[in-house]
Amino acid sequence: MKTCVMVKKWVAVLMCLAVVMSCVGFAGISASAEGVETPQSEWEMTVPQIRVTTENGNGTTLEKEDGYQNAQISITGTDGSTLSDACLFKVRGNTTALNWVKKKAFTFKFEKKKDVLGMGKGKKWALIANTFDPTLLRNYLAFSIAKEMGLAYTSNFQFVELWVDDTFRGCYLLMEPVQEGKDRVNIDIEGDDGKKDFLMEYEAQREEEGVTYFKVDGLRFIASEPEEPTEEQLAYIQETVQGIVSAIRSGTREEIEAKIDVTSFAKFFLLNEYLKTFDFNMSSVFFYYQDGKLYAGPPWDYDLSAGNSNPEYGTRGRDASMTENVFADKNIYKFLCKQSWFKDEVRKVYCQYYDYFTSISADGGLLDTAYAQYADIIGRNYNEAGWNIGKYWINIQKKPLATYAENFDYLKTWLAQRHEWMTGYYQPVEDYILGDADGDGVVTINDVTVIQRVLAEAAELANPLTADVNKDGAVTIEDATLIQNYLAEMIEL
């Protein structure tokens with residue numbers, strides 16, 4: 001039995017961490033009283049620290065409707081470097097911005113673009129609270145997967161600890177927001193009077209002032225970039241998206257591939273399919289148009305994913321909580337998933353990263369490593385900042401378990417079971433001989449001929465995995481060359 005990709009070298013090293021995990025003391029985290037003012041502690045810095053001082057000293061009581069506040073910010077990296085400057089500071093988000101939620105998410109904005117902690121230049125930055133994820137790890141996990149798969153323009157991110165007006169607010173994820181920019185989503189929204197490229201977000205219901213919405217075939221979107229499109233620009237965006245959706249609904253494969261970047265759509269689908277993102281048919285689902293094609297992503301907002309949904313909250317809550325069944329056949333994908341060949345494209349990506357997905361929930365894998373690496377800041381989030389694990393949850397969310405260890409174990413088990421179901425559904429592991437393009441059970445010069453004929457569009461492959469010798473997700477002349485080198489005993493397959 002062969003897997004489609006070799007286990008990455010570092011996975012073997014990570015397995016050694018399993019022994020370490022038994023020593024990590026999360027079981028005792030339950031929470032002290034929330035909202036306790038905590039002085040700036042002198043504990044060891046293991047992640048960057050951010051300190052914000054608002055002009056009016058009201059940072060800990062800010063609500064979304066208060067808007068931007070004048071403030072000073074100091075960002076200190078683990079290397080001791082510090083960025084200090086004036087900024088504008090406000091509460092961000094929607095659910096996390098509700099008045100009864102005490103651990104708020106924030107946005108801060110500089111007057112000019114600045115490179116923060118080596119993540120590229122930008123004016124605006126997001127501090128994600130992960131309020132409704134008791135593990136604090138789901139967003140970290142989602143963006144790590146997206147980075148591994150090479151989803152373009154995935155936001156850079158770092159865990160940080162935050163103080164606001166000398167009050168410790170706990171563990172946050174500092175992130176680049178999804179927006180146009182050279183170091184963000186690098187699209188040309190100025191070309192041809194803004195008609196060239198654009199960024200849009202799927203938004204099913206929410207209404208916000210100052211936001212431009214449009215509909216295509218029953219799908220509702222936000223015109224995100226340009227942020228304030230002219231009537232002409234909006235008409236162009238809507239017409240372009242209409243053409244794309246129409247092609248997906250009734251066009252041939254060739255017509256669809258001329259309109260969308262299939263690889264990005266398959267990768268983005270796989271990410272949301274694996275994690276079963278609760279909001280995938282509601283909001284925070286981005287697409288960008290670049291150089292004449294629509295791309296899926298960048299990803300955003302995964303606190304209500306990976307089983308963190310209330311199974312009693314209607315059909316969506318039940319379906320998102322289960323580790324079985326297809327889930328991400330929504331928004332634009334509800335049309336694309338009717339194309340029989342698209343499942344094969346998703347399977348191809350899953351095959352390419354199969355060992356990585358296997359390692360996520362494995363003992364000593366990605367999740368265990370994050371658990372160990374950020375034990376101290378997670379502990380301080382609950383014990384020093386005083387955020388109670390069970391106090392802040394909403395009706396669409398799975399009610400948190402009593403301790404951090406229980407919530408972590410639930411997440412790890414859910415991911416393992418989800419991966420197991422997807423393995424059975426997509427069949428990314430099967431018996432085959434790499435390089436046996438003609439399927440006769442041996443690798444010969446005939447397999448080179450078959451690949452050449454496929455590239456000349458004179459033949460089709462029954463199983464593309466056999467011919468994709470270099471495992472780059474496509475069959476090219478390089479695969480034929482590798483088979484020739486194998487036959488000449490220059491390499492091993």
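Atoms considered below: every heavy atom in the structure, side chains included; atoms not considered: hydrogens, waters and symmetry mates.
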[X]/[Y] aromatic ring centres below 6.0 Å:
X    : Y    : result
F265 : Y333 : yes
Y350 : Y274 : no
F280 : F327 : no
Y295 : F287 : no
F221 : Y213 : no

*State, yes or no, whether a side-chain contact exists between P299 and L271 at a heavy-atom distance under 4.5 Å.*
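Counting from C-beta outward, P299 and L271 do come under 4.5 Å.
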*Pairwise side-chain contact, L336 with I260, heavy-atom cut-off 4.5 Å (strictly under)*: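 Yes; the side chains approach each other to less than 4.5 Å.
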*In terms of the angle between their ring planes, are F157 and F143 parallel, tilted or perpendicular, with boundaries placed at 30° and 60°?*
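Aromatic pair F157/F143 classed tilted.
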*Anything under 30° is parallel, anything over 60° is perpendicular, the rest tilted; go ahead and classify Y425 against W421.*
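Plane angle under 30°, so parallel.
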What's the shortest heavy-atom distance between [X] and [Y], and which atoms?
X    : Y    : answer
N325 : R418 : O-NH1, 2.9 Å
K267 : V349 : CG-CG1, 3.7 Å
Y288 : P298 : CD2-CD, 4.2 Å
P226 : I237 : CD-CD1, 4.3 Å

Taking [atom1] in [X] as the centre, count heavy atoms belonging to other residues, nucleotides or ligands within less than 6.0 Å. Is the count above 12?
X    : atom1 : value
Q484 : CD    : yes
R453 : CZ    : no
K147 : NZ    : yes
Y486 : OH    : no
K121 : NZ    : no

Look up atom [atom1] in [X] and atom [atom2] in [Y], then write down how far apart they are to the nearest 0.5 Å.
X    : Y    : atom1 : atom2 : answer
F408 : L137 : CZ    : CG    : 6.5 Å
L367 : Y140 : CG    : OH    : 9.5 Å
F159 : L136 : CZ    : CG    : 6.5 Å
K343 : R347 : NZ    : CZ    : 9.0 Å
K293 : D261 : NZ    : CG    : 6.0 Å
Q233 : T212 : CD    : OG1   : 10.0 Å

*Inter- and intrachain pairs under salt bridge (charged side-chain N to carboxylate O under 4.0 Å, His left out), touching residues 212-226, at least two apart*: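 Every salt bridge (charged side-chain N to carboxylate O under 4.0 Å, His left out) pair that includes a residue of residues 212-226, provided the two are not neighbours, is E207-R220, D217-R249.
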*Is the Lys NZ or Arg CZ of K398 less than 6.0 Å from the centre of Y410's six-membered ring, within 45° of the axis?*
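So K398 does make the cation-pi contact.
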_Quick one, S81 with D79, criterion side chain to side chain donor-acceptor pair (under 3.5 Å). Give me CA distance, side-chain angles, the key distance, then yes/no._
CA-CA 6 Å; S81 61; D79 61 356; 2.7 Å; yes
*With H419, which of Y426, Y354, W414 fulfils ring-ring contact (aromatic ring centres under 6.0 Å, His included)?*
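Going through Y426, Y354, W414 one by one, the ring-ring contact (aromatic ring centres under 6.0 Å, His included) with H419 is satisfied by Y354 alone.
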*Name the one of N130, N139, N272 that satisfies side-chain hydrogen bond (donor to acceptor under 3.5 Å, both in side chains) with Y302?*
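Result for side-chain hydrogen bond (donor to acceptor under 3.5 Å, both in side chains) with Y302: N272.
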*asked:* Using only atom types and a distance under 3.5 Å, with no angle test, would you say the side chain of D197 pairs donor to acceptor with the backbone of D188?
replied: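 Checking the backbone N and O of D188 against the side chain of D197, a donor-acceptor pair under 3.5 Å is found.
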*Quick one: list whatever passes side chain to side chain contact (heavy atoms under 4.5 Å, CB included) with T413, sequence neighbours left out.*
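For T413 the side chain to side chain contact (heavy atoms under 4.5 Å, CB included) partners, ignoring immediate neighbours, are Q417.
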*Would you sort out whether Q242 and S246 count as a side chain to side chain donor-acceptor pair (under 3.5 Å), showing the intermediate values?*
CA-CA 6 Å; Q242 179 65 71; S246 295; 3.0 Å; yes
